[in-house]
There are 2 protein chains.
Amino acid sequence: MVDTQRSAEKSDERLRDAERTRAELLEVATEVFSEQGYSGARVDEIAERTRTTKRMIYYYFGGKEGLYLAVLEAAYRRIREAEQGLHADHLAPVDAVRRIAELTFDHHHDHPGFIRLVSVENIHNGQHLGKVESLRDLGTPAASLLDDVLARGRASGELRGDVDAVDVHMLISSYCVFQVANAATFGFLFGRDMLAPDVRERHRRILGDIVVGWLSA
Amino acid sequence: MVDTQRSAEKSDERLRDAERTRAELLEVATEVFSEQGYSGARVDEIAERTRTTKRMIYYYFGGKEGLYLAVLEAAYRRIREAEQGLHADHLAPVDAVRRIAELTFDHHHDHPGFIRLVSVENIHNGQHLGKVESLRDLGTPAASLLDDVLARGRASGELRGDVDAVDVHMLISSYCVFQVANAATFGFLFGRDMLAPDVRERHRRILGDIVVGWLSA
DNA sequence: CATTGTATGTACCGTTTCGTACATTAGCCA
DNA sequence: TGGCTAATGTACGAAACGGTACATACAATG
């Protein structure tokens, strides 16, 4: 009844496939915007790097800005999903905060494109982000995860109780974001390759030490 | 013999003044580049915001990229000067590190344009920064200042001795840079105005606590 | 005060870049 | 299987943008 051309779920290589075209456009656009910034990105370049044409950008996203908004939304949505997969309730409070810090660290290093996108958006004062309604309160999950751990630590006396979860998150974020977003200039000024495996490993451990040290009662 | 038009030193309002034109161009360009990014900045807009014309950008800086390089160099030079005015050798090691952290914090908040410029440069992978020979090893002063304090602390037993000065500097920088560079997106996601005076004051104190806590033996 | 080179203004050019009008085809459904 | 619509390709246009040729006026110098 169904299934004329498409076999199972992964329909492969139809000439016309709205979903595939949209997805490919989005993927390539994410790369280009994060590499060149919003103004630096060229609509023609994005199109050339896909199997479709510029025409489709206007057909599906309305224009350059629409495409950028879609990229932002998709990127943040992916982050949210990653955060939701982060469980720490089976660990002792001290171990849990270190775990959260380290996983956040890894996540940032593994998704430099997203970090760069955030930098781009900040250059433009977050003016696009504000337009995407669906991203309101996207930070809440991350904060409440930390909040839970802090509460448990306070109760058990292992963690100090006078620290705000968002402040903790900011410390972790700032450290992780910097590693990726400022690797070029910091690396240049201090002759340090921030992405080298051994350097990365040390930074990771240091972050854990700092967070645990700060929060320990 | 001298002094036909110019009175004393601050010659005021000659119609032709190379220094003034150059300086004004540089100042406005710093603003525009930090507001719009490299690609987003328009040569015409920069010119319009000064009392001179686009022609002068090409006359003095060769072009858009030359102007951007000059902006970068001037901005980093200013930072270096600020750092050199930072003395901490009269303070006890623990107080010294807190002082350095807090002054760095203030400096970042007071010069958002520079921070944004660094972000812009990182989006472009520091490709321009590498072209400015005069900026090699610009990080050294900041690192050695911290290095001295750490050495004193290690000698007196007040600070732990197994921490690298550059790592300390990176912690401080990351925290300070994030405050300014990511104020828009972080503020939006967590509903927090990063630039509000009371928030700023708390962040400042927290940074000091973290650094001192980490380094204390 | 005449001369000369630095500094500046105007008008313009060629290219890039975002966006669109128009034509066309693939694939779903009756 | 034939028609209808969603999807796609091509070619082009208009404005923006970086850059430059040419003309000119100011100011230091002898």
Side-chain angles (χ1 to χ4, degrees), chain A residues 1-7 9-29 32-33 35-71 120 124 128, chain B residues 1-26 28-29 32-33 35-71 120 124 128:
Chain A
M1 229 169 210
V2 186
D3 241 22
T4 36
Q5 288 273 71
R6 57 180 60 184
S7 56
E9 181 63 29
K10 272 262 163 79
S11 100
D12 44 298
E13 300 317 307
R14 259 167 47 257
L15 283 82
R16 306 250 172 135
D17 187 332
E19 276 316 300
R20 192 197 50 162
T21 303
R22 244 189 97 94
E24 196 173 338
L25 237 19
L26 219 48
E27 183 192 353
V28 172
V32 177
F33 279 124
E35 284 166 6
Q36 326 253 23
Y38 177 73
S39 312
R42 299 298 161 216
V43 176
D44 287 287
E45 186 190 340
I46 293 174
E48 267 168 36
R49 279 160 72 159
T50 67
R51 276 173 295 181
T52 125
T53 66
K54 184 170 56 160
R55 177 71 181 74
M56 293 299 98
I57 291 175
Y58 294 89
Y59 187 67
Y60 286 116
F61 303 98
K64 184 180 183 179
E65 189 180 359
L67 178 58
Y68 177 73
L69 289 175
V71 163
V120 168
H124 298 285
H128 304 100
Chain B
M1 232 169 208
V2 186
D3 242 24
T4 36
Q5 287 277 72
R6 59 179 61 186
S7 56
E9 178 64 28
K10 272 264 162 86
S11 97
D12 46 298
E13 299 318 304
R14 255 162 56 255
L15 283 83
R16 307 257 172 129
D17 188 332
E19 276 317 301
R20 194 197 49 164
T21 303
R22 242 188 99 95
E24 196 173 338
L25 238 17
L26 218 48
V28 172
V32 177
F33 278 124
E35 284 166 5
Q36 326 254 21
Y38 178 73
S39 311
R42 299 298 161 213
V43 175
D44 286 289
E45 186 190 340
I46 294 173
E48 265 167 38
R49 287 211 216 168
T50 67
R51 277 173 294 181
T52 129
T53 66
K54 182 167 60 157
R55 176 73 182 72
M56 292 297 99
I57 290 175
Y58 295 88
Y59 187 69
Y60 286 117
F61 303 99
K64 185 181 183 177
E65 189 181 358
L67 178 59
Y68 177 72
L69 289 175
V71 164
V120 168
H124 297 285
H128 304 101

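Just so it is clear, the structure is predicted and the values come from calculations on it, not from any experiment. Chain identifiers are assigned alphabetically (A, B, ...) following the order of the sequence lines, protein sequences preceding nucleic acid strands; residue numbering begins at 1 within each chain.
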[X]: what forms a side-chain hydrogen bond (donor to acceptor under 3.5 Å, both in side chains) with it, not counting sequence neighbours?
{"X": "A/Lys54", "value": "A/Asp44"}
{"X": "B/Arg55", "value": "none"}
{"X": "B/Glu48", "value": "none"}
{"X": "A/Glu27", "value": "none"}

* Asked: With respect to the side chain of A/Met56, which nucleotide from D/dG18, D/dG9, C/dT17 is positioned closest?
  ->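 Nucleotide nearest to A/Met56's side chain: D/dG9.
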* **Nucleotide of C/dT20, D/dG18, C/dG9 approaching B/Lys64 most closely (side-chain heavy atoms)** => D/dG18
* To do: Could you tell me which residues satisfy ring pair (Phe, Tyr, Trp, His ring centres under 6.0 Å) with A/Tyr68, sequence neighbours excluded, listed by chain and number?
  => A/Phe33, A/Tyr38, A/His128
* Euclidean distance, atom CZ of residue B/Arg22 to atom P of C/dT8 [Å, nearest integer] ->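 These atoms are roughly 12 Å apart.
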* B/Glu35/B/Arg49 ion pair, N-O < 4.0 Å ->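 Looking at B/Glu35 and B/Arg49, the cut-off is met.
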* To do: Report yes if at least one side-chain N or O of B/Tyr59 is closer than 4.0 Å to OP1 or OP2 of C/dA7; otherwise report no.
  => yes
* To do: Looking at every strand, decide which applies to A/Ala47 at a 4.0 Å heavy-atom threshold: base, sugar-phosphate, or nothing.
  => nothing
Set out, line by line, the N/O atom pairs under 3.5 Å between protein and nucleotides 10-12 of chain C.
none

